[in-house]
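Just so you know, ligand 1 is whichever comes first in the structure, and atom 1 is the first atom listed for that ligand. Note that this is a predicted model, so its numbers are computed, not measured.
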Amino acid sequence: MAIETIIWEKNSIKIIDQSQLPLKLEYLYLKEIDQVREAITSLKIRGAPALGIAAALGIVVGIQSSSAQNWPDFREELQKTVNFLRSSRPTAVNLFWALERMIRRAEENNERPIPEIKRILQEEALKILEEDKICNRRIGQKGAALISDGDTVLTHCNAGALATADYGTALGILYRAKEEKKKIRVYVDETRPLLQGARLTAWELLQEGFKVTLICDHMAGAVMQEGKIDKILVGADRVAANGDTANKIGTYTLAVLAREHHIPFYVACPFSTVDLSIPGGEKISLEKRSPDEITQINGKRIAPKGVEVYNPAFDITPAKYITAIITEKGIHRPPFIKTLRGKEGK
Ligand code: MRU
């Protein structure tokens, strides 16, 4: 794929600044830990798997300049860097998963000289990036079996190359189906308030030659009622052990509407998004974001001063509305409490 969402280049993290798309395709080089955290909180880099990769590479950037000469001092600095990144965004478990993996790798090697631990951590972060590419291809291959020639698929937010190392999860399935010569049309929700659907998914799918139709979020019900949608396919930020799924705000609405209209509702994600330590969705921390995202459009105020705003960035789709969860391990069907723990999806 032509899109390079996040790569390691010139001792820094090179990312596409997604806050500028689709008007400008601009790359940023993140050399300082503060820049990495800012890029995450302002959604210059976003999407659960990409956040995991950014966090892992963020550790590399953060400890690059460490002058620690021994393991206890280095461990302390590492922990500070981890804590700083942990506090950036709360919902996507991949971010925490990647940070834990980086700490574990350092601890396993704590008897080695500090420059060597730094090198090992860089290797680990790049491994997380490369594994994500492989993982997405596998998700695509497993999930494409659910897509038929001629299908019209509705998606929400952006679970594509821009949300991962490349290829994407939900969109990866569509890429694979297209590679298999299936003709697919995609309806894209604009995804208020930050418009990841309109700005990112529509752009990404058009680059890859898809037929794309953009709708406002609240049109989804009518479009389903008109019989235009065969399947719904979304990504995930965190999946609890029982299959309850946190994803971009508006996903729950789609899932309920899908049930009413007898439309299969699929979630695609890497297994690193499945958090088996959380029994159900009520335990998932859901990010609340700035009121400005709703009261302003392109920096221009559109709502009256003094109005109260509620701006949750994610919602929970209860497992009962989900037809299947597709990971690199397979297609997991209900009861998810069993099939997510199995070696292969059922
Ligand atoms: O706030 P965002 O843009 O980071 O939200 C992203 C999503 O909700 C995606 O659907 C999810 O992270 C899956 S990405 C493969």
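- With a 4.0 Å heavy-atom cut-off, ligand 1 is reached by the side chain of Pro49 but not by its N, CA, C or O.
- Taking 4.0 Å as the cut-off between side-chain N and carboxylate O, Arg238 and Asp275 count as a salt-bridged pair.
- Scanning the protein for heavy atoms near atom 14 (S) of ligand 1, the closest one is Ala163 CB, 3.5 Å.
- For Thr201, the side-chain hydrogen bond (donor to acceptor under 3.5 Å, both in side chains) test picks out Asn158, with sequence neighbours left out.
- Contact analysis leaves Ala313 out of contact with ligand 1, as no non-hydrogen atom separation drops below 4.0 angstrom.
- The nearest heavy-atom contact from the protein to atom 7 (C) of ligand 1 is Asp237 OD1, 3.2 Å.
- In the vicinity of Ala48, heavy-atom distances shorter than 4.0 Å reach the ligand 1 atoms 12 (O), 14 (S).
- Legend: residues meeting ring-ring contact (aromatic ring centres under 6.0 Å, His included) with Tyr175, ordered by chain and number and at least two apart, are Tyr167, Phe210.
- Taking the charged nitrogens against the carboxylate oxygens, Glu124 and Arg104 have no contact shorter than 4.0 Å, which rules out a salt bridge.
- Figure legend: cation-pi geometry between Arg259 and Phe265 absent, as NZ or CZ is not positioned both under 6.0 Å from the six-membered ring centre and within 45° of its axis.
- With respect to Leu30, the side chain to side chain contact (heavy atoms under 4.5 Å, CB included) criterion is satisfied by exactly one of Ile6, Leu57, Ile15, Val61: Ile15.
- For the residue pair Leu340 and Leu276, the shortest heavy atom distance occurs at CB-CD2, 4.4 Å.
- Looking at ligand 1, you won't find any N or O of Ala159 less than 3.5 Å from one of its N or O atoms.
- Contacts between Thr251 and ligand 1 below 4.0 angstrom, taking non-hydrogen atoms only, are absent altogether.
- Counting protein heavy atoms only, atom 15 (C) of ligand 1 is closest to Thr169 OG1, 3.2 Å.
- Under 4.0 Å is where a charged nitrogen must lie from a carboxylate oxygen, and between Arg119 and Glu116 at least one such pair does.
- Exactly one of Thr169, Thr164, Asp166 qualifies for a side chain to side chain contact (heavy atoms under 4.5 Å, CB included) with Asp132. That residue is Thr164.
- For ligand 1, the atoms lying closer than 4.0 Å to a non-hydrogen atom of Gln196 are 1 (O), 2 (P), 3 (O).
- Between Leu51 and ligand 1 there is no heavy-atom distance shorter than 4.0 Å.
- At least one N/O-N/O distance between Gly47 and ligand 1 falls below 3.5 Å.
- Between Asp217 and Arg192, no side-chain nitrogen of the basic residue sits less than 4.0 Å from a carboxylate oxygen of the acidic one, so the salt-bridge criterion is not met.
- Of all protein heavy atoms, the one lying nearest to atom 10 (O) of ligand 1 is Asn247 OD1, 2.7 Å.
- At least one N/O-N/O distance between Arg89 and ligand 1 falls below 3.5 Å.
- For atom 1 (O) of ligand 1, the choice among Lys248, Glu287, Arg46 with the nearest heavy atom turns out to be Lys248.
- Here is the list of ligand 1 atoms found below 4.0 Å of a heavy atom in Phe314: 1 (O), 5 (O), 8 (O).
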